[in-house]
Amino acid sequence: MDKNLVLRLFGGLLYGLVVVLCTTSLGAEFINGFSPGLVQQQNLYYGLITFFLFMGAWECVRMMKFDPKGWEKWVVFPLILFVFYQLFSKRYFNHGFYFNFNLSEILAIVLIIIAVVTLFRFPKELYYDSGKLIFTVIYTALPFGFALGLPKFSTIEHTFTLEVFFLFVLIWSSDSFAYFTGKFLGKHKMAPKISPKKTWEGFAGGVFFTIILGYFIELNYPDLRGNYIIVGFLVSVFGPLGDLVESQLKRTFGVKDSGNVIPGHGGILDRLDSFIICVPVVYLYFILEKLI
């Protein structure tokens, strides 16, 4: 068997296992089986998101090639830590995500949109270290911060809901079905200069099958926030956009992979490009859904 294929399978399984253990109750149950009461699921999830955040930010700094003599490189991580802690972490542990029209949250979503538009329309702005600094903070701290708001948990009842686990499942479904549909039926390129392998047929297949999967999730897990048929649709539409955003970022700075932390799969940003865009979209949907 091809060694690269074995490495890729191993890396994929390891990555998937870590995500499952940290986004469901299985992680705490497994660890507490050795030492009861050692860890709570919400702490495992927080650790996972924090790891994703700082690894993603490190990869972003590495890809964008900050000037080693500039001051911007040295304030990236303190600024990310401040934003992540001040706007999201404190609320996570205090159950402070109410999904109302909070001005700071809406502003954060607007900033993400501006960052994406800048990357595609005005990429030369990111050649300046100040632009790199702002983009890195927005592209990493805000989406991963919003990710803390998606699940619900109770320290007293030892519960942890599955919104993020199923978000990953839907993203994986969208990627897989889009790939196979595009491979067998794809003819019309979606964005040939940015991601040559993406086709509109693959995109349509990803949307169709991910909506169906969302229907079965909604049918079997009605207590989740929102309607997962709608979440499935949003993921299948915005997931490919997330992939295009990261592809454009790598193309802008002449990089093949964001990193190599996951064997055979590249870096954290390579694996979480769809997640980074889908999280604020789903978060915004939960705000709107609560108003209806």
Side-chain angles (χ1 to χ4, degrees), residues 12 15-16 19-20 23 99 109 112-113 115-117 119-121 139 143-144 146-147 149-151 161-222 224-251 265-266 269-292:
Y15 165 69
V19 167
V20 170
T23 60
F99 293 94
I109 291 174
I112 293 171
I113 295 172
V116 170
V117 171
L119 177 62
F120 282 101
R121 298 288 296 173
Y139 186 59
F144 288 118
F146 280 125
L150 297 185
T161 56
L162 299 173
E163 284 85 356
V164 177
F165 168 70
F166 283 120
L167 178 58
F168 272 106
V169 170
L170 289 170
I171 289 172
W172 294 337
S173 164
S174 175
D175 288 345
S176 299
F177 284 119
Y179 170 77
F180 286 111
T181 305
K183 182 176 181 179
F184 293 107
L185 301 176
K187 293 182 179 179
H188 301 87
K189 301 293 184 181
M190 177 184 280
K193 292 184 178 180
I194 302 174
S195 186
K197 295 182 180 180
K198 286 191 178 300
T199 65
W200 286 108
E201 291 82 2
F203 173 76
V207 171
F208 177 76
F209 288 108
T210 305
I211 289 175
I212 292 177
L213 179 58
Y215 166 77
F216 284 106
I217 293 173
E218 180 67 22
L219 196 65
N220 291 282
Y221 297 90
L224 294 172
R225 281 190 177 119
N227 183 312
Y228 265 68
I229 300 174
I230 298 176
V231 174
F233 171 75
L234 293 174
V235 166
S236 62
V237 170
F238 287 93
L241 173 60
D243 180 73
L244 290 176
V245 168
E246 206 240 351
S247 295
Q248 175 68 6
L249 181 62
K250 291 189 292 188
R251 182 172 175 266
H265 289 261
L269 295 181
D270 293 322
R271 290 299 89 205
L272 294 174
D273 48 11
S274 297
F275 183 80
I276 286 172
I277 297 300
C278 285
V279 164
V281 170
V282 172
Y283 192 95
L284 178 60
Y285 161 63
F286 286 163
I287 292 177
L288 298 174
E289 186 262 347
K290 188 177 179 181
L291 298 177
I292 299 175

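Since the structure is predicted, the reported quantities are computational estimates derived from the model, not experimental observations.
Put simply, the side chain of E201 gets close to the backbone of K187: a donor and an acceptor are under 3.5 Å apart. A donor-acceptor pair under 3.5 Å is absent between the side-chain atoms of S174 and the main chain of L170, judged by distance alone. Judged by distance alone, with hydrogens and angles left aside, the side-chain atoms of S236 form a donor-acceptor pair with the main-chain N or O of G232 at under 3.5 Å.
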Going through the distances and angles, do L272 and F144 end up as a side chain to side chain contact (heavy atoms under 4.5 Å, CB included)? CA-CA 10 Å; L272 294 174; F144 288 118; 4.0 Å; yes
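By the 4.5 Å heavy-atom criterion applied to side chains, Y139 and L249 are counted as neighbours. Side-chain atoms of F146 and I112, non-hydrogen and from C-beta on, do get closer than 4.5 Å to each other. At least one side-chain heavy atom of L269 sits under 4.5 Å from a side-chain heavy atom of E246. With contacts defined as side-chain heavy-atom distances shorter than 4.5 Å, the pair I229/F233 does not qualify.
Here the OG atom belonging to S176 is positioned 11.5 Å from the CD1 atom belonging to I171, to the nearest 0.5 angstrom. Atoms CG and CG, on L162 and L167 in that order, are 12.0 Å from each other to the nearest 0.5 Å. Atom-to-atom distance recorded for T210:OG1 and L234:CG is 11.5 Å, nearest 0.5 angstrom.
Within a 6.0 Å radius of CZ in F120, other residues, nucleotides and ligands contribute more than 12 heavy atoms. A 6.0 Å sphere centred on OH of Y15 holds more than 12 heavy atoms belonging to other residues, nucleotides or ligands. Annotation for F99: atom CZ counts as buried by contact number, over 12 foreign heavy atoms lying within 6.0 Å.
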Side-chain donor-acceptor distances from residues 274-287 under 3.5 Å, at least two apart:
residue, atom, partner, partner atom, Å
S274, OG, G239, O, 2.9
Y283, OH, E105, OE1, 3.4
Y283, OH, E105, OE2, 2.6
Y285, OH, N227, N, 2.9

Residues 212-220 side chain polar contacts: donor-acceptor under 3.5 Å, at least two apart:
residue, atom, partner, partner atom, Å
E218, OE1, Y228, N, 2.8
N220, ND2, F216, O, 2.8

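With sequence neighbours excluded, the residues satisfying side chain to side chain contact (heavy atoms under 4.5 Å, CB included) with T23 are V19, Y45, L48, V164, F165, F168.
Of all heavy-atom pairs between M190 and W200, the closest is CA-NE1, 3.6 Å. Shown here for W172 and G16, the closest heavy-atom pair between the two residues is CH2-CA, 4.2 Å. The heavy-atom pair separating R225 from E163 by the smallest distance is N-OE2, 3.1 Å.
When each of K197, R271, K250, K198 is checked for a salt bridge (charged side-chain N to carboxylate O under 4.0 Å, His left out) with D243, only K198 meets the rule.
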